[in-house]
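Not measured: the values here are computed from a predicted model. Here is how names work: the chains are called A, B, and so on, in the same order as the sequence lines, proteins then strands, and each is numbered from 1.
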Amino acid sequence: MKLATWNVNSIKIRLPQLLEWLAQKRPDAVCLQETKVDDDNFPVLELQAAGYRPLYFGQRTYNGVALLTRAEATDVIRGIPGYEDEQKRVLSASVDGLRIVCTYVPNGQSVDSDKYRYKLAWLDAFQRWLSRELKTHPKLAVLGDFNIAPEERDVHDPRLWEGRVLFSKPERTAFRALLDAGMKDSFRLFDQPERSFTWWDYRMNAFKRNLGLRIDHILLSDALAGEATSSSIASELRAVERPSDHAPVLTELQ
DNA sequence: ATGGCTTAAAAATTAAGA
């Protein structure tokens, strides 16, 4: 079973690339972030024609998540239950015996901003909810744009980024708390090339120079981690005409 | 020169991303 996540930075702009990629890779479940459309404008028909059943939880202009599955998904939950949030960032469902959580973690803007405080409070609520979910759904996968580079090797220049948003100590501690709740970073279950990243700034030829961060992740519950057979970053999608600034991440289960 | 692109809003700029 192939699981994938991709921050598309507007599903409207990226739909042709998404459809081509789905046809090539045929993932069984795909989590999308920053769809940037309300639910009335989600491209349902195009994705159905491609063989996928779309679930979506969006808003105009900002945020928005979606889950595309080839098999039927059930028990759909939107948002973090019990956590009031105007922003559409979490979508969960069961498919093929797995519980899948799609997430778009707040960016945080800068460490001295209200958005950063919102990010940390949001992550605390997310972790506490996932800890409970893991008890009822031992086979759990959490996929998405976490907006956190967990370790120094996930940052092109750790000295430059130390203490900045996406790589500050409180954010890395919050990411560690997610793993400590009973999950593994599937990308790190396997040998990987050095300087592997999932996001590159649009400016400064950052992709060509590989000045990136690894901030998009596929976490697998401890019960599921043993079933993983590979994990990789589809960086070729960052090299196309008019790319998203994020590349997809793929993890395959036996 | 906290810039450099890209997107969505709206009709020129602004906000936001990371």
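Looking at A:Arg176 and A:Glu151, no side-chain N of the basic residue comes within less than 4.0 Å of a carboxylate O on the acidic one, giving no salt bridge. Contact check on A:Asp96 versus A:Lys139 returns no salt bridge, with no Lys/Arg side-chain nitrogen under 4.0 Å from an Asp/Glu carboxylate oxygen. Under 4.0 Å is where a charged nitrogen must lie from a carboxylate oxygen, and between A:Arg214 and A:Asp185 at least one such pair does.
Distance noted for atom P between B:dT6 and B:dA10: 23 Å (whole Å). One C1' atom belongs to B:dA18, the other to B:dT7, and the distance between them is 14 Å to the nearest Å. Using atom P as the reference point in both B:dA12 and B:dT2, the two lie 29 Å apart (nearest Å). Taking atom P on both B:dG3 and B:dA15, the two are 12 Å apart, rounded to the nearest angstrom. Separating the P atom of B:dA1 from that of B:dA16 is a span of 24 Å, rounded to the nearest Å.
With hydrogens and angles disregarded, no donor-acceptor distance shorter than 3.5 Å links the side chain of A:Arg153 to the backbone of A:Arg195. A donor-acceptor pair is defined here as one N or O able to donate and one able to accept, closer than 3.5 Å; no such pair exists between the side chain of A:Arg99 and the backbone of A:Glu133.
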- Query: What is the per-nucleotide protein-contact pattern of nucleotides 6-18 of chain B, from the 5' end, where B denotes a base atom under 4.0 Å from a protein heavy atom, S denotes such proximity for sugar-phosphate atoms only, and - denotes neither?
  - Reply: SSSS------SBB
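Ring orientation note: the planes of A:Trp161 and A:Trp199 are nearly perpendicular, at an angle over 60° on the 30°/60° scale.
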